[in-house]
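Naming convention: chains lettered A, B, ... in sequence-line order (proteins, then strands); numbering from 1 in each chain. What you see is a predicted model, and the numbers here were worked out from it, not measured in a lab.
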Protein chains: 2
Amino acid sequence: MTDKTGQAAGPRAYEAVLASIEAELRAGTLRIGDRLPGERTLSETHGISRASVRDAIRILDVMGLVRTAVGSGPNSGAVLISNPAAGLSSTLRLHVASRHLPVDDIVQARILLETWAATAATERAIDEPSLARARELLSLMDDPGLDREAFHDLDAQFHVLLSTLAGNAVVSAMMESLRLSIMGYVRDSVTTDEQWSPVVQTLRAQHHGILDALSARDGTLAAQLLREHIEWFFAETGH
Amino acid sequence: MTDKTGQAAGPRAYEAVLASIEAELRAGTLRIGDRLPGERTLSETHGISRASVRDAIRILDVMGLVRTAVGSGPNSGAVLISNPAAGLSSTLRLHVASRHLPVDDIVQARILLETWAATAATERAIDEPSLARARELLSLMDDPGLDREAFHDLDAQFHVLLSTLAGNAVVSAMMESLRLSIMGYVRDSVTTDEQWSPVVQTLRAQHHGILDALSARDGTLAAQLLREHIEWFFAETGH
DNA sequence: CGCCTAGTATGGTCAGACCACACTGTCGAG
DNA sequence: CTCGACAGTGTGGTCTGACCATACTAGGCG
């Protein structure tokens, strides 16, 4: 009727599998950690080819909902996991590449989410173990002998940990996915250790300041430092 | 040689296509609106089977980056589009179904994004055509004869439009995806028109209040009304 | 000139095969 | 009896080749 452009989008075979799995997830008969039936089994129960089943599994894979492994035994096959950030970030990254999601908007959104998380975290009960873990991460990052790869990894853990303190899984996932989606751009812009070395010094100091503010339950200050931290970093490496 | 958990994750064949397309997107040799080469062509140029190429195209499809159509001619094949919200929302929806992203967190995140957008919008130049369009949408929603489906559609357009006023594509996309990801839950909780009718009355009034505040450039008031609007709606239908 | 039909290129689906891998149970050596 | 080697089995990953429905294209026919 309305589709002059042929936007019909007929029912795809793999959608049956996706819908079935989503329904089982909602019903609770399928839970994180469970193994999905084998591809050959699913193809038979749904009356579609194995290729179509594989489409569905593959989609769940990139969404960060399953992890697949070959072989036999309990760890093989498609296992339900929960990694929303991975799925969201890959989608975001491609859209950023298409120039329809500006990097500046990503950074701005990330600032929004992280500063909110910092403020919200101070309005909740302090999670001491998490704070201790954060301090431990900063200590590890203070090691001068750390290579860039390891620093990035610890830095990611630090920021994710802070977001987690706010207790909102969606905000954490989105914040992490925003971070991952533009990580490639950061890598490309800073290529030499000579450029990198002074940056690390500043990052360390900023991290400590943010954590101190959070420990003192000063959400406003933590948010402000966080904003300056992120803005400074992208001003430094961004262009 | 390999680790015991088997988390090896060997290089997948389809990733070559994905990487190639992402690179072309970044380089600018591939743009929104362009057609991708045919699957048979891609399978030959990358030296992989058509099945693996299809995996990559399928992934781009669910990400909201391409639209595929059968047939021949300019409108057929895989065409690059930009629909980040579609890709993000499908991922979010599945993760919500898995119980690892609470609906409450989704709502909270949406409030955060929308209230920020409202505030940010008043700090920018007013986009009169958009405001006019928003008023038009509200007028259409005032029609008592409107069915629920149409109301939902207009409501979605209204909220997306407001987010757009802030000028941040990422925030808009995320806000819309959050909205889409939990639309199914709203539908399930409100089944009869008897329940729905009074709700619509309140929604209309709230919408007008929000738009009035925005028109008056009162970002704080708009944000507050928006928060109450969303919170009220999910308190009403949520449980 | 205009309508209709055969042709062609496209994605959608299927069937069947082979591979590498990882666990599992068995069997044999000690 | 213990324990290591090994064949067996089930898993996803990939490929090949085929057929279908569709939608545009070009040519033939009236």
Side-chain angles (χ1 to χ4, degrees), chain A residues 1-21 33-81, chain B residues 1-21 33-81:
Chain A
M1 295 277 269
T2 58
D3 57 345
K4 43 186 151 206
T5 61
Q7 190 70 348
R12 311 284 174 82
Y14 72 88
E15 286 174 359
V17 183
L18 242 35
S20 144
I21 290 175
D34 290 351
R35 284 181 59 197
L36 258 44
E39 296 179 352
R40 293 161 179 88
T41 306
L42 284 174
S43 83
E44 190 178 340
T45 58
H46 286 87
I48 61 180
S49 73
R50 193 185 153 209
S52 294
V53 170
R54 285 184 56 72
D55 281 348
I57 306 286
R58 180 81 79 202
I59 289 169
L60 294 175
D61 185 27
V62 302
M63 281 182 173
L65 251 155
V66 304
R67 158 188 72 77
T68 61
V70 295
S72 176
N75 286 339
S76 73
V79 179
L80 283 170
I81 60 175
Chain B
M1 296 310 167
T2 57
D3 46 346
K4 15 179 180 269
T5 61
Q7 191 70 348
R12 310 285 174 81
Y14 72 89
E15 286 175 359
V17 183
L18 241 35
S20 144
I21 290 175
D34 291 350
R35 283 182 59 198
L36 258 43
E39 295 179 353
R40 292 161 179 90
T41 305
L42 284 174
S43 82
E44 190 177 339
T45 59
H46 286 87
I48 60 179
S49 73
R50 195 186 151 207
S52 295
V53 171
R54 285 184 56 72
D55 280 348
I57 306 286
R58 180 80 80 203
I59 289 169
L60 294 175
D61 184 28
V62 303
M63 280 182 174
L65 251 156
V66 305
R67 158 188 71 78
T68 61
V70 297
S72 176
N75 286 340
S76 72
V79 180
L80 283 169
I81 60 175

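Crowding of Glu44(B) atom CD: a count of heavy atoms from other residues, nucleotides or ligands under 6.0 Å not exceeding 12.
Shown here for Ser52(B) and Tyr14(B), the closest heavy-atom pair between the two residues is O-CB, 3.3 Å. Residues Val66(A) and Ile57(A) share a closest heavy-atom pair of CG2-O, 3.8 Å.
Interface remark: the Arg12(B) side chain does not form any donor-acceptor pair with the dG12(D) base, using a distance-only criterion of under 3.5 Å. Judged by atom type and distance alone, Arg67(A) does not reach the base of dG12(D) through any side-chain donor-acceptor pair under 3.5 Å.
We find that Arg54(A) and Asp61(A) are not joined by a salt bridge, their nearest charged nitrogen and carboxylate oxygen being 4.0 Å or further apart.
Residue Thr68(B) places no side-chain N or O under 4.0 Å from the OP1 or OP2 atom of dT10(C). Contact check, Ser52(A) against dC14(C): a side-chain N or O comes under 4.0 Å of OP1 or OP2.
Comparing Tyr14(A) and Gly71(B) against DNA chain C, the residue whose closest nucleotide sits nearer the 5' end is Gly71(B). Positionally, the nearest nucleotide of DNA chain C for Leu36(B) lies more toward the 5' end than for the other of Ala51(B) and Leu36(B).
Distance CG (Asp61(A)) to P (dG12(D)): 12 Å, rounded to an integer number of Å. When the P atom of dG11(C) is taken as reference, atom CZ of Arg58(B) falls 12 Å away, rounded to whole Å. Atom CG of Asn75(A) is separated from atom C1' of dC23(C) by 9 Å (rounded to the nearest Å). Rounded to whole Å, the distance from CZ on Arg54(A) to C1' on dA15(C) is 15 Å. As a whole-Å value, the separation of Arg40(B) CZ from dT13(C) P is 14 Å. Residue Glu39(B) contributes atom CD, which lies 17 Å from atom P of dG17(D) at whole-angstrom precision. Protein atom CG of Leu60(B) is 13 Å distant from nucleotide atom P of dG11(C), rounded to whole Å. Atom P of nucleotide dG13(D) and atom CD1 of Ile59(B) are separated by 11 Å, given to the nearest angstrom.
Arg35(A) places a side-chain N or O within 3.5 Å of a backbone atom of Ser76(A) that can act as its donor or acceptor partner.
In the region residues 43-50 of chain A, proximity to DNA chain D at under 4.0 angstrom, judged on heavy atoms, holds for Arg50(A).
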query = Would Ile48(A) and Val17(A) satisfy side-chain contact (heavy atoms from CB on, under 4.5 Å), going step by step from the backbone distance to the final call?
reply = CA-CA 9 Å; Ile48(A) 61 180; Val17(A) 183; 3.6 Å; yes

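Contacts of Gly73(A) with the nucleic acid, taken as non-hydrogen atoms under 4.0 Å apart, involve only primed sugar atoms and P, OP1 or OP2.
Looking only at side-chain heavy atoms (C-beta outward), Arg58(A) and Arg58(B) stay at 4.5 Å or farther from each other.
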